[in-house]
Each structure stands twice: as C-alpha cells, then as structure tokens.
Amino acid sequence: MNALRWWWGILLTFALLGIARVFLPLPFMNEVVIFSIYAMGCNFLIGRVGYISFGQPAYLAFGAYACAFYLFYFGTNPYVGILVGVLGGLIVSLLIGPLFVRLRSDYFAMVNLALAVIVFYLTQKVLVGITHGDNGLWFLTRISSTPLLDLTIPSHFFIFSLLLAALVWAFYKYLDDSIYGACCLATKINENKLQFLGYHNFSIRLLAFVIANSTTALAGAMYAVYLGFVSPEMASPSRAADPVIVTILGGVGTLFGPIVGAIAYTGMKDVISKLIGNWELFIGFLLVFIMLVADKGIWGSLAPVLEKWLFRRKSPDSRGHD
Amino acid sequence: MITPQLLISGVIFGLSIGSIYFLLAIGLSLCFGLMRIISLDQLLYYSIGANITYSVNLLSGNMWWGVLAGMAVAALASFAVERVIFLRIYARDPTFSMITSFGILIGGIGIIKYFWGVVPRPVEVPTLLQVSIFGTEVPVYRLIVIAIAAVVYIGIWLFLHRTIVGKAIRAAIEDVEHVEGLGINVSRLFTLTFIIAGALSGLAGGLHAPLIMVDPTMGLEMLAFVFMVVIIGGLGSIKGTLVSALVIGQVVSLGSIIYAPMAQMAPFVIMLLVLLIKPTGLYGSPVFKR
Amino acid sequence: MSREILSVKGLNAAYGEAKVLFDIDMSVNTGQIVACVGRNGAGKTTLLKSIAGFLKPTSGSVTADNTLLSGMKSYDVAKFGVKYIPQDKKVFFDLTVRENLELGSYATKDYNWDQVIAYFPKLRLLMERKAGHLSGGERQMLMIGRAILGRPKVLLIDEPTEGLAPGIVAQLKSTFREISLKTSLLIVEQNLPLVCAIADKVYAVKDGRIVAELGDKESISVAACERYL
C-alpha cells in the first residue's frame, strides 16, 4: 500500500510536469527540472544529515566545469560530458569530504561558503588560462547530435532531464527507506548513540556528502550541456543560498520539497524580476519570513492537508502513524 | 624582485587590511560566543557603513563625519534587526540563524541597491600625507586605520575585563542560564553586544571605503575573508580573531606581492590546514553548549 | 513566628509532550530547611527549575511572599529573591572569585560581602583566583555565596553535596543551618542522613508526584524516607 502510494506520487508529479510543458515556456520548465535536481542533494544534506551547506554552488561549478572542459577541449558527446561532470563532482567530494565531514555543523556551513567563494575566484581569476575567466567557455556548437534523445534540441533535453530527475528522485526515495537513510537521520539526531550501535558516523556522513554533492555536480553538468556555456557566475557567492532557499521553500526533508520549491522559486524569479527588478530585496525578505513564520515550507505545510483530503474516506488508523 | 621598500609597504598594507578584517570579524565572533548565532548580516552593516560614509563625505566633504554617521546607522540597523528578527531565533540551532541572517544580508543588499544604485563609487582618502618608515613612504591613512583597530581591541578588552557589564557578558559566554539565575537580564546583554558588533562592522565599512570601491555587493566580497578569519581564529574567541585577522592580512598582502592569485587562495589553504589539525580553529573551544 | 514564604499549588510541568510533574503542592516557611528526596528522574530538578522560572509550568501557581512567580522571567524571579543553584557547580571558570561575586552584587545591588565571608571565610583567601581553578567544595561555596547576596527569600539548591568530600559536607551542613535563619532553603538531596539531620520538612517525590510529606522533626528518619523511594 505504502509502496504503491509513492510510486503513484512520482508518476503523478512527473506527468504533471510533462503536461505543464504544454502550457509553460520550455526554458522555464528546463530550469525547473535542473533546479530540482540541484536542490535534491541539498535537501538530502539538510533534511537527513542535518548539514546546511552554503557551498553548493561550488559543487555545481565543479560538475559544470568538468563537463565543460570535456566538451570544450576534448570530446563532443553530451552524454559523456554529463558523465564526466558527475565524476568530477564525485572525485572532488571524495577528496575534500574526509576533512569537511569532521566539522561541527556550524563550521561546515561556513567552510562550504568559503569554498564557494574560492571556487568563484579560482574560475574567475586564477585559472583564467583554461576557464577564460568572466568570458566563460562557449561550446554550444561543439555539442554533437545523438540518436534517440538529441540533447541539442531543447524539447528532447526536457524529456531527458525529466527522466533523469525521476531517476534521482527514486534513488533518494530508496535511500530514505533503507537502513542507510535511517542511519543518516540518526547521526543528525544523536551521533553518540549511533556509535554505540556499532555504526561509524564518519563514513555515514562521508557517503551522504559524496552522494549529495555528486547530485549537485550532475545538475551542474546538465546546466553546462543545456546552456552550452559556463561562467564563474555559477559559483557566485550571491547565489550561495539558492539551493538552501529552494529546499526550505519546498519543505526540508520532504521528498516533493525540491520539486515544489524549484517551481515556486523559478516562477517567482521570473515574475519578480519583471515586476520590480529588485530580486535580492524580495528573496531576502522571503527567506527571513519563511524562517520566522513558516519553516515547514510550501510542501511541508501543504502535505498534511493534501493527505487528509486524499485519504479522508479511510479510517485514520489504517494509514499508520509514523 | 622583493625590495625592503616593497616589503615594508606590504607589511603596512597587510596590517591595515588585517585591521579591517578584525573590526568586521570581531562582531561575528562575539555574537557567536554569546548568542550562538552566525550573524552574516554583519556584512550588511559593513556595506551600510561604507555607503553612508560615501554619501556623508559627498555632502559634508569630511570623511570622518561619514564614518561616524555610518557607525550610527549601522548600530541602529543592527538594533532593529536584533529586536525584530534575532530575538525570535536565539533558542534555535546556529545554522538556523545563518540562513536567516543570509536572508537579511541579501535583502539589505536589495535596499542598498534601491538607494545607491549598482555602480561602484570611489571615496576620497581624507589625507594624502605620507610618512617615511625606514626610508619607505607609507600613506598616513593606513596607519590611522591600524591605530583605530588597536584602540578598538584595547577598548573591547577593557570593556570585557574592567566593567561589570563586560564581566556579565564574559560570564554569559560561559553559561547563559547561570547568569539569568543570578538575576541578570541576559537579553539586554544580547542586544548590547549585537549593537556593538553592528557598530564595529559599520566602522570597518567606513574605514575601508576610501581603500576600495563602494558598491552594494561589497559585503559579499568580504564574506569569504571574514569567514576564514573567524574559522581560523576559532568562533567566539576575541584573541583568536585578532591573531588570525593579522595573519590573513599579511598573507593577502605579502602573498599578492609574490604571486597575485595567492592573495585569494592562500588564506583558504591555511584555513583547510588549520581545520585539518584542529576542527574548531586555533582558539575555539571544543565544547559546544546549548 | 514562622510564616509561609513559598507556596506551590497544583503545579504541572512538561518537556514538550512528555509530562514530568503532576499536581505538585508544597510550601516552605520562613526559617525552614525543606528537602525533596527521590530517585534519579523523579522530577526533582524539573520542580526546582519550574519554581525558578526556567521552565514554564503548564498549569498551577508558584507564589513567594504573596507575589505570583509563575509567568515571571527567570531573572525577575531571581531578582525577587528566589534563586536557583543548579547541580553542575558551574561557576564562571574564566572569571575570578571576586568577579563571580561582583556579578551576584550587580544583579541585586547588594555589595555587602562580609555576610558571604562570614559563612565561607575561605573565599577571602581565594579572591583573585580564577574560579576554574577551585576545588569542588570551593565552587559550591562560591555558588552559594554568590546567591545569598541580596538576601534572597528562598534558595533552591540542587544536589549541593553531590561529589563533595565528607569534611566539606559536614561544613556545609552547619552553614545551611546558619543561612536558614535568614533565608529559607529548598534542597534536593540524595544524601539521606544529611537530609534527616537538617531538614524541617521532607517531601518524597516519585514519578513526578509528591508521594509523602514528613512534616515534623520526629517523623523524619532515614528509614521513613527510604520507604517512599
């Protein structure tokens, strides 16, 4: 019963996204889907491990630049490019993860933000020779067409990213339900007790760190392929909180949160930028408002209502309280 | 080639940059030590200080009035923010306050953009005098910045060790509940500390204004450096903040003489090394109460 | 004549969903030493914290000297003269003994340290020492000394003798008697012989309820206390 429900949820969500594509502009939909993948990693870190990372743009940039280097200097196949991007993120997080996951959660948040700024400088000023600094790398025309799903065509790209998002989403759902997901949650709540049970905090956190940041790198690589262009702007510190905002907007730790958050955030960004043009002012106050008043987020507040409405015909105890 | 002249002016430059870092980081560090919040909005008060300095300097022609006005406005802004927002989140996790204060910072940048626009603006240096130190011409203004930071450090030390309110703050850094148990209203100490932190950030902004360009996002550019200073020194430690601010100042200054990109990369590498040896920074306490 | 100085009526307290205290009624008179005994986890510390305003009771009232304390902020309760001394013996380690006492004076505007020295002569010699370098007994002296500044009406002391050497416990015993002439004491204590030696009234607490009240000197004995544990 329970299994059926979340499968229905995933199908319904992605069917809705597919249908929405008919009514909404394609660039917007692509943005939403990539953004939701971006936020999924962050959501996992915050919701399951209790690590708030302000450095996600850094991992996004790692993925994007790894992919861009491949497509700019070496090959032309976008699928390989995305794979290279994910591998890049994986390797970087494996390298720095052991140092980072030893930190207390407040230091973790700060060090990650510092990392994002450093990556920004790195791509903008230090490695100008290979990143071309603020001019960025342009490789849209180098990306080759592939049979079946041709990623150079936006509508094909949308189908591809939608499938990929569903896959990532199902993967996180699987993690949540596994013993490992329970361990993650346990490190968040009480790290000492978990060690008494014979689990190793360090490796649990490291794995979570690597998984989440590889997901972020995947989103970065998808941006690179979709835009055919990368620039240091990706790791800009002013965008450091974007994935955190999306996660909180959607509802921390909920499965649908990242998708709902990404839709709301991207939608607002489009509308607000056109209406008042002062996006920072709006998002800043929105963030403070959410933190003070509604820290469950959109999905977190909506879910209980929806659930009540959907299941009101059944008796409450058949659902099982968790 | 590195000449003695270059070295001396590099050291002075580094000291003045370190002074700015110190003035900014001390607020963040104090707020964490006492209230257990990560107050990113200090960087907003820094930007406010700089922008007010720019405007007042333009109107009155005297930068020092601008710095004073900048401090005052920054103190007022921090007072309002503390009363309206932070009061509600003290009991929660430090990372919670970090997200909230990031919202304040971004929102504040929006407000600054609204009033001052996005174009970077220069502020005149109040004195173009140079003095000779060991045969090297050094701008007096940089020396003044260093002196002000030194006075602030001594002032804070005296405040914390010689006044009863300062002693209460030191006691509350150790244990808030025990201070309340004695009958002292801790939330007043919180407000006072936050205003002091905001005013010092405003001072940092005002003093930094003639040395760089003033624009709305200048706070974000300082963010990483202030973070690295606080992390290397250890959150909540005043002495640690001073030491690491001076070290980072020198690294940025002397590093850029040797190889320009070093200025940005070296502090980060130092931070990683320090964290590798001691995950809570040089002077940070390993225990974490509340 | 002794009169009621602290009175607790129908007090209920909870940590979130978990109820800890159930309908507590108790009273302390002037000049009295009242003890709460009970096993670990019975809710004794919670009781003291609720009286001192660190924990908001879900219902019930706490009055001291005809003034309603429940609903007051903890520092106002302390200022009014009901002071809580926690179990952890955490003086401010980074401050000297003198500075610790100064803070007590600052809150109450009572700068008469002679009364403290009269109870704890040893503190006079330790004035400039950092409190972090004191022994356990000296810390407890400092905590109590710092709290009696401002002549509080009631001191709430949580496990004062826990972890202290027997000689110091004996010393504290006589000091408690002296203090109680001016300030009533409500003590949570595990050391039953000590309780029986000094207490004028004993409440036995079990699972968040008061299960017995031994109200006169004759009925208080170790055996009587143990019956309710």
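Keep in mind that what you see is a predicted model, and the values were worked out from it rather than measured. Just so we're on the same page: letters track the sequence lines, and every chain starts at 1.
Using a 4.5 Å cut-off between heavy atoms, V91(C) contacts chain B through its backbone alone, with no side-chain atom that close. Heavy-atom distances place both the backbone and the side chain of F93(C) under 4.5 Å from chain B. In this structure, the portion of K49(C) lying under 4.5 Å from any heavy atom of chain B is its side chain and not its backbone.
Residue R83(B) places its CZ atom among more than 12 non-hydrogen atoms of other residues, nucleotides or ligands, all under 6.0 Å distant. The environment of NZ in K239(B) is sparse: at most 12 heavy-atom neighbours from other residues, nucleotides or ligands sit within 6.0 Å.
D200(C) and R177(C) are joined by a salt bridge, as a carboxylate oxygen and a charged side-chain nitrogen come within less than 4.0 angstrom of each other. In summary, R139(C) and D88(C) do not engage in a salt bridge, as defined by a charged side-chain N under 4.0 Å from a carboxylate O.
Within the 3.5 Å criterion, the main-chain N or O of A204(B) finds no donor-acceptor partner in the side chain of H208(B).
The aromatic rings of Y21(B) and F225(B) sit parallel, their planes meeting at an angle under 30°, below the 60° perpendicular limit.
The side-chain hydrogen bond (donor to acceptor under 3.5 Å, both in side chains) analysis of residues 142-157 of chain C, with sequence neighbours excluded, yields the pairs N100(C)-R146(C), Q115(C)-R151(C).
Side chains of N12(C) and T58(C): a donor-acceptor N/O pair is absent below 3.5 angstrom, by distance only.
Residues of residues 71-82 of chain B having a heavy atom under 4.5 Å from any heavy atom of chain C: none.
The greatest number of non-hydrogen atom pairs below 4.5 Å with chain B, out of G150(C), P152(C), G53(C), P86(C), is found for P86(C).
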